[in-house]
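Shown next, in C-alpha cells, is the structure this report addresses.
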Amino acid sequence: MRILFITDNFPPEVNAPATRTYEHAKEWVKLGAEVTVITCAPNFPQGKVYDGYKNNFRKVQYIDGIKVIRVWSYITSNAGFLKRTLDYLSFSFTAAFYGMFQKTEVIIATSPQFFTTWAGYFLSIVKRKPWIFELRDLWPESIVSVGAMSKGRLYHLLERIELFLYKKADQIIPNTEPFKSNLIARGVDPQKIDVIENGANLELFDPEIKVLELKSKLGFDDRPLVGYIGTHGMAHGLDFIVESIKSEKIDFVNFLFIGDGAEKPKVKALAEKYKLENVRFIDPIPKENIPEYLSIIDISLIPLRKSDTFKTVIPSKIYETCAMHIPILLGVKGEAERLIKKYDVGLCFEPENAQDFSEKIYRMVSDKVLYLRLEKNTRQLASDFNRKKMAFKMLELIKNTSKK
C-alpha cells in the first residue's frame, strides 16, 4: 500500500517527532508499504538549515527505502510566536501543493506542529483519500501552558479549528490515553481514536556500551552524572534546574545538558553567572551517537514546566533511557509519573520544587539498593515499548483506515 506522511521534522533532526516518524516509516517499508514523507529542510531547533542541505522548493532523496520530499518553508528559530506561525503555515502550504502530485491510498499528518494537519485535511479532500491525524501534542493548549499565548480570541479560533480537524479525520492516533480522553470529553467520536504510544528502537541502544573515556574528555570527575538530552525549550524548565543547582548547593553530582533550543542561551548564561563548575553544555549530537553519551549517564533527567497540560504527556526520552537501562529522575506530573511508578524505573520530583529535586537526586545516588532495583526494572519497560511493536500496530490501523 502507498502511504503519504506529512511531518515538519525528519532526520537528520533528532527530536522525538523526527525519530518516531522515521522509525515507523522504516518498519512499514520492511513490511511492504511504499512510504513517501513530505518534510522541509532540516533546521530544528536552531532555525538554521543543516550543513549539506538547502531550503529548496523541492528536493527528493531516499532514506532506508523511504521517499523523502523536502519542500521550501520560511525558516526561523523556535522563538517568537508570529515568526514560528509563519514558519509552520508556509510548510503547510508547500506540503499541500506538492502532496497533490503524489499517489497514495492514505494520508497521515502529524501534530505538532498543528498546521501540518491542515495540509493533511486539504489533501484528503483533493485526492478523495482517507486521512489520519497523528496527535502528539494538544495544540493550541500546549502553547498557552508555556506562556507563548493567552486564551484570547486567537486561541479560541484555533481551538475551534482543532476540533473541526479532529472531527473530519478518518482516524486519530494519539500517543497517550489522556489525549484520547481529552478528545472524547470534547465530543470527538471514540470509535475512531486508537492510542499508539511512543517507544524505542532496541536495535539502536546497547546497554553494554560504556564509553568511559568520554566522561573525562568532557571534563567530568568521578562524581555521578545526571544527564539531559533534548530540546532546551520553554516547556522544559531547564532554567529552574540550574537555579536549583545553585540554591540547593547540589555539588555531589555532575550535570550534562546536550541539545539546543530557544532557551539554551538563557540557561547557559545562568550557569555561567553562578559559576557552576559541575555543569556542562554541549551542542546537539547525531542520533547514532546518543547511545554513547547515554552510556556515561548515571541518571536521566526528564523535567517539564509545572502545568496541567503536561499531565497528559509522556516524554519520549523515557523509552530511550530505559532501553539503555538508566534510572530516571522525572519532574512531570500525571501520565508520565504513573508510567515511571508502574514500572518502578525512577523517582519523581514535584515540578519546579527545588528542595524535592535535590532530595530525590541525593536519594538516587546514595541508596545503592534502590538504584540497582530501578536499573533492573528498566528492562521490562523497554521491552513493552519496543518501537517495532508500535510500528506494526500502527500499520494495521493505517490499512484499516485506507479501506474506509
Between [X] (side chain) and [Y] (backbone), is there a donor-acceptor pair under 3.5 Å?
{"X": "S358", "Y": "A354", "answer": "no"}
{"X": "D356", "Y": "E350", "answer": "yes"}
{"X": "S247", "Y": "E243", "answer": "yes"}
{"X": "T94", "Y": "S73", "answer": "no"}
{"X": "S90", "Y": "Y74", "answer": "yes"}
{"X": "N56", "Y": "K59", "answer": "no"}
{"X": "T312", "Y": "F179", "answer": "no"}
{"X": "W28", "Y": "A391", "answer": "yes"}
{"X": "N400", "Y": "E396", "answer": "yes"}
{"X": "N43", "Y": "A41", "answer": "yes"}

pair [X]-[Y]: side-chain heavy atoms closer than 4.5 Å:
{"X": "R58", "Y": "R70", "answer": "no"}
{"X": "M1", "Y": "I398", "answer": "yes"}
{"X": "F255", "Y": "R280", "answer": "no"}
{"X": "I193", "Y": "V188", "answer": "yes"}
{"X": "Y228", "Y": "I258", "answer": "no"}
{"X": "V37", "Y": "I63", "answer": "no"}
{"X": "L372", "Y": "K376", "answer": "no"}
{"X": "S316", "Y": "T19", "answer": "no"}

Under a 4.0 Å N-O cut-off, is there an ion pair linking [X] with [Y]?
{"X": "R186", "Y": "E162", "answer": "yes"}
{"X": "K311", "Y": "D308", "answer": "yes"}
{"X": "D239", "Y": "R305", "answer": "yes"}
{"X": "E337", "Y": "K333", "answer": "yes"}

If you compare all heavy atoms of [X] against all heavy atoms of [Y], which two are closest, and at what distance to 0.1 Å?
{"X": "P224", "Y": "D298", "answer": "CA-OD2, 3.4 Å"}
{"X": "L374", "Y": "P327", "answer": "CB-CB, 4.0 Å"}
{"X": "H325", "Y": "E375", "answer": "O-CG, 3.3 Å"}
{"X": "F91", "Y": "I38", "answer": "CZ-O, 3.6 Å"}
{"X": "I196", "Y": "M390", "answer": "CG2-O, 3.8 Å"}
{"X": "D170", "Y": "P130", "answer": "OD2-CA, 3.1 Å"}

- Message: Evaluate S300 against T321 for side-chain hydrogen bond (donor to acceptor under 3.5 Å, both in side chains), listing each step before the verdict.
- Response: CA-CA 7 Å; S300 176; T321 295; 3.0 Å; yes

- Item | Of all pairs that satisfy ring pair (Phe, Tyr, Trp, His ring centres under 6.0 Å), the ones with a partner from residues 359-381, not counting sequence neighbours | F252-Y362

Mind checking the [atom1]-[atom2] spacing from [X] to [Y]? Nearest 0.5 Å is all I need.
{"X": "I6", "Y": "W131", "atom1": "CD1", "atom2": "CH2", "value": "9.0 Å"}
{"X": "I318", "Y": "E197", "atom1": "CD1", "atom2": "CD", "value": "12.0 Å"}
{"X": "I290", "Y": "K317", "atom1": "CD1", "atom2": "NZ", "value": "10.0 Å"}
{"X": "T39", "Y": "I69", "atom1": "OG1", "atom2": "CD1", "value": "11.0 Å"}
{"X": "K129", "Y": "I107", "atom1": "NZ", "atom2": "CD1", "value": "8.5 Å"}
{"X": "F257", "Y": "L301", "atom1": "CZ", "atom2": "CG", "value": "6.0 Å"}

- Message: Under the criterion side-chain hydrogen bond (donor to acceptor under 3.5 Å, both in side chains), I'd like the reasoning laid out for Y22 against D64: C-alpha separation, chi angles, the key distance, then a yes or no.
- Response: CA-CA 9 Å; Y22 164 67; D64 292 325; 2.3 Å; yes

- Task: Walk me through it: do I245 and V279 pass the test side chain to side chain contact (heavy atoms under 4.5 Å, CB included)?
- Result: CA-CA 9 Å; I245 297 170; V279 176; 3.9 Å; yes

- So which pairs with a foot in residues 13-28 pass salt bridge (Lys or Arg N to Asp or Glu O under 4.0 Å), sequence neighbours left out? R20-E134, E23-R387, E27-K30, E27-K388

Would one find more than 12 heavy atoms of other residues, nucleotides or ligands at under 6.0 Å from atom [atom1] of [X]?
{"X": "F93", "atom1": "CZ", "answer": "no"}
{"X": "R223", "atom1": "CZ", "answer": "yes"}
{"X": "D51", "atom1": "CG", "answer": "no"}
{"X": "K246", "atom1": "NZ", "answer": "no"}
{"X": "Y274", "atom1": "OH", "answer": "yes"}
{"X": "Q355", "atom1": "CD", "answer": "no"}

Would [X] and [Y] count as having a side-chain donor-acceptor pair, cut-off 3.5 Å?
{"X": "N377", "Y": "D344", "answer": "yes"}
{"X": "Q380", "Y": "D384", "answer": "yes"}
{"X": "R2", "Y": "T36", "answer": "no"}

- Please assess E320 against K287 for the test salt bridge (Lys or Arg N to Asp or Glu O under 4.0 Å), listing each intermediate value before the final yes or no. CA-CA 11 Å; E320 295 183 352; K287 188 72 177 177; 2.8 Å; yes

- Task: Check step by step if side chain to side chain contact (heavy atoms under 4.5 Å, CB included) holds for L123 and M100.
- Result: CA-CA 7 Å; L123 289 172; M100 289 191 293; 3.7 Å; yes

- Message: Is the ring pair Y121/F164 parallel, tilted or perpendicular, if the boundaries are 30 and 60 degrees?
- Response: perpendicular

- Query: F385 vs Y343 aromatic rings, parallel, tilted or perpendicular, using cut-offs 30° and 60°?
  - Reply: perpendicular

- Under the side chain to side chain contact (heavy atoms under 4.5 Å, CB included) rule, what do V313 and E335 come out as? Steps first, then yes or no, please. CA-CA 6 Å; V313 308; E335 192 71 4; over 6 Å; no

- Do F133 and Y166 have their ring centres less than 6.0 Å from each other? yes

- Task: Take V332 and I314 through the test side chain to side chain contact (heavy atoms under 4.5 Å, CB included) and record every step on the way to the result.
- Result: CA-CA 9 Å; V332 187; I314 300 179; over 6 Å; no

